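Reading through the structure tokens given below for one structure.
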Amino acid sequence: MKIIIFIGIQGSGKGTQAKIVSEKLNLAHISTGDLLRNASGQLKKQVDFYMQKGELISDDLMLKILKQRMQEKDCKKGIILDGFPRNLEQAFALDKEFLVTKVIEIKISDSEALKRLSGRVNCERCKASYNLLTAPQPKQKGICDICGGKLIQREDDNESAIKKRIQTYHKQTEPILKFYQNKLVTIDGKKEIEKVNEEIISVLKE
Ligand code: AMP
């Protein structure tokens with residue numbers, strides 16, 4: 001199974017890119033953040049506590065949820081992992097059972113990340129992303145261009161959770177780049193969405 005990992009600080013555009021690239025290359029897109037946000041019942045209670053603070057949920061729980069998702073039929077064609085692994089333990093656990101094909105790092109500065117996250121909104125219905133401070137901006141205030149759904153801010157896109165998530169990225173996630181150094185390609189995430197996308201596609205078609 002082809003496994004491509006997208007890594008980047010929150011706001012780098014990795015979710016946006018993972019969505020576009022998965023559609024273009026016919027791969028399944030697994031965002032662990034979305035998996036957790038869509039949790040229900042007891043599991044939701046368990047994960048919400050950490051997510052709202054901007055902290056990672058436990059590796060065991062994350063792995064269990066992810067492996068279940070990876071067994072679904074659409075994953076046979078290959079996967080883009082967006083938001084996993086987030087620390088070395090998760091990278092080791094993945095490595096034990098699966099062969100990672102390529103790792104794409106989308107790089108932006110902390111100040112750019114802060115700015116982007118503060119303006120980020122998503123469509124409640126189709127999950128399309130917009131940014132009120134940068135781009136893309138919706139044509140009509142508060143309304144999704146694609147499906148007309150309401151645009152909302154994520155609960156963890158508040159200032160204290162954003163700062164915590166940026167800190168967690170540097171401390172826990174960045175060290176895994178070294179672990180993947182032979183498979184790693186770094187892309188400048190400051191460029192326009194289309195340009196970043198072109199670069200990723202050309203790397204993955206190599
Ligand atoms: P994201 O949408 O990728 O920014 O993730 C939102 C939140 O979900 C994170 O701040 C964590 O609380 C949780 N989360 C997502 N992916 C993981 C992971 N691989 N391991 C642990 N927690 C995660």
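This one's a predicted model, so the numbers in the text were calculated from it and none came from an experiment. Just follow the structure's listing: the first ligand is 1, and inside any ligand the first atom is 1.
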- prompt: How far is atom 14 (N) of ligand 1 from its nearest protein heavy atom, and which residue and atom name does that atom have?
  reply: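 Nearest protein contact, heavy atoms only, for atom 14 (N) of ligand 1 is L36 CD1, 3.4 Å.
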- line: Looking only at protein heavy atoms, what sits closest to atom 4 (O) of ligand 1 is R154 NH2, 3.1 Å
- prompt: With distance as the sole criterion, is a donor-acceptor pair present between the side chains of N131 and K115 under 3.5 Å?
  reply: no
field: Donor-acceptor side-chain pairing of Q52 and D156 below 3.5 angstrom
entry: no
- prompt: Can you tell if the side chain of V21 reaches within under 4.5 Å of the side chain of F6, non-hydrogen atoms only?
  reply: yes
Using a heavy-atom cut-off of under 4.0 Å, does the side chain or the backbone of [X] touch ligand 1, or both, or neither?
{"X": "M51", "value": "both"}
{"X": "Q172", "value": "neither"}
{"X": "L56", "value": "both"}
{"X": "R37", "value": "side chain"}

message: With a 4.0 Å cut-off on N to O distance, would you call D188 and K190 a salt bridge?
response: no
- prompt: Do NZ/NE/NH1/NH2 and the carboxylate oxygens of D110 and K163 come within less than 4.0 Å?
  reply: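 No salt bridge links D110 with K163.
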Atoms of ligand 1 close to [X] [distance to a heavy atom under 4.0 angstrom, numbered from 1]:
{"X": "Q90", "answer": "18 (C), 19 (N), 20 (N), 21 (C)"}
{"X": "I57", "answer": "21 (C), 22 (N)"}
{"X": "T32", "answer": "15 (C), 16 (N), 17 (C), 19 (N)"}
{"X": "E55", "answer": "11 (C), 12 (O)"}
{"X": "D156", "answer": "6 (C)"}

For a quick test of your reading: what N or O donor-acceptor pairs under 3.5 Å do the side chains of residues 78-95 make, sequence neighbours left out?
unit_1 : atom_1 : unit_2 : atom_2 : d
D82    : OD1    : K14    : NZ     : 3.3
D82    : OD2    : H29    : NE2    : 2.9
R86    : NH1    : G83    : O      : 3.0
N87    : OD1    : E89    : N      : 3.3
N87    : OD1    : Q90    : N      : 2.8
N87    : ND2    : D59    : OD1    : 3.0
Q90    : OE1    : R86    : N      : 2.8
Q90    : NE2    : D59    : OD1    : 3.0

- prompt: Would you say the side-chain atoms of K53 pair up with the backbone N or O of A161, donor to acceptor, closer than 3.5 Å?
  reply: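 Answer holds: no.
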- request: Ignoring hydrogens and angles, tell me if any N or O in the side chain of S12 forms a donor-acceptor pair with the backbone of K107 under 3.5 Å.
  value: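 Flag not set: sc S12 to bb K107 has no pair under 3.5 Å.
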- prompt: Does an N or O anywhere in R86 fall below 3.5 Å from an N or O of ligand 1?
  reply: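 Yes, at least one N or O pair falls under 3.5 Å.
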message: Between ligand 1 and G83, is the shortest N or O to N or O distance under 3.5 Å?
response: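 Yes; at least one N/O pair falls below 3.5 Å.
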- prompt: Is it the case that more than 12 heavy atoms not belonging to E159 sit under 6.0 Å from its CD atom?
  reply: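 No, because the 6.0 Å sphere around CD of E159 holds 12 heavy atoms or fewer from other groups.
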- prompt: K53 near ligand 1, heavy-atom distance under 4.0 Å?
  reply: no
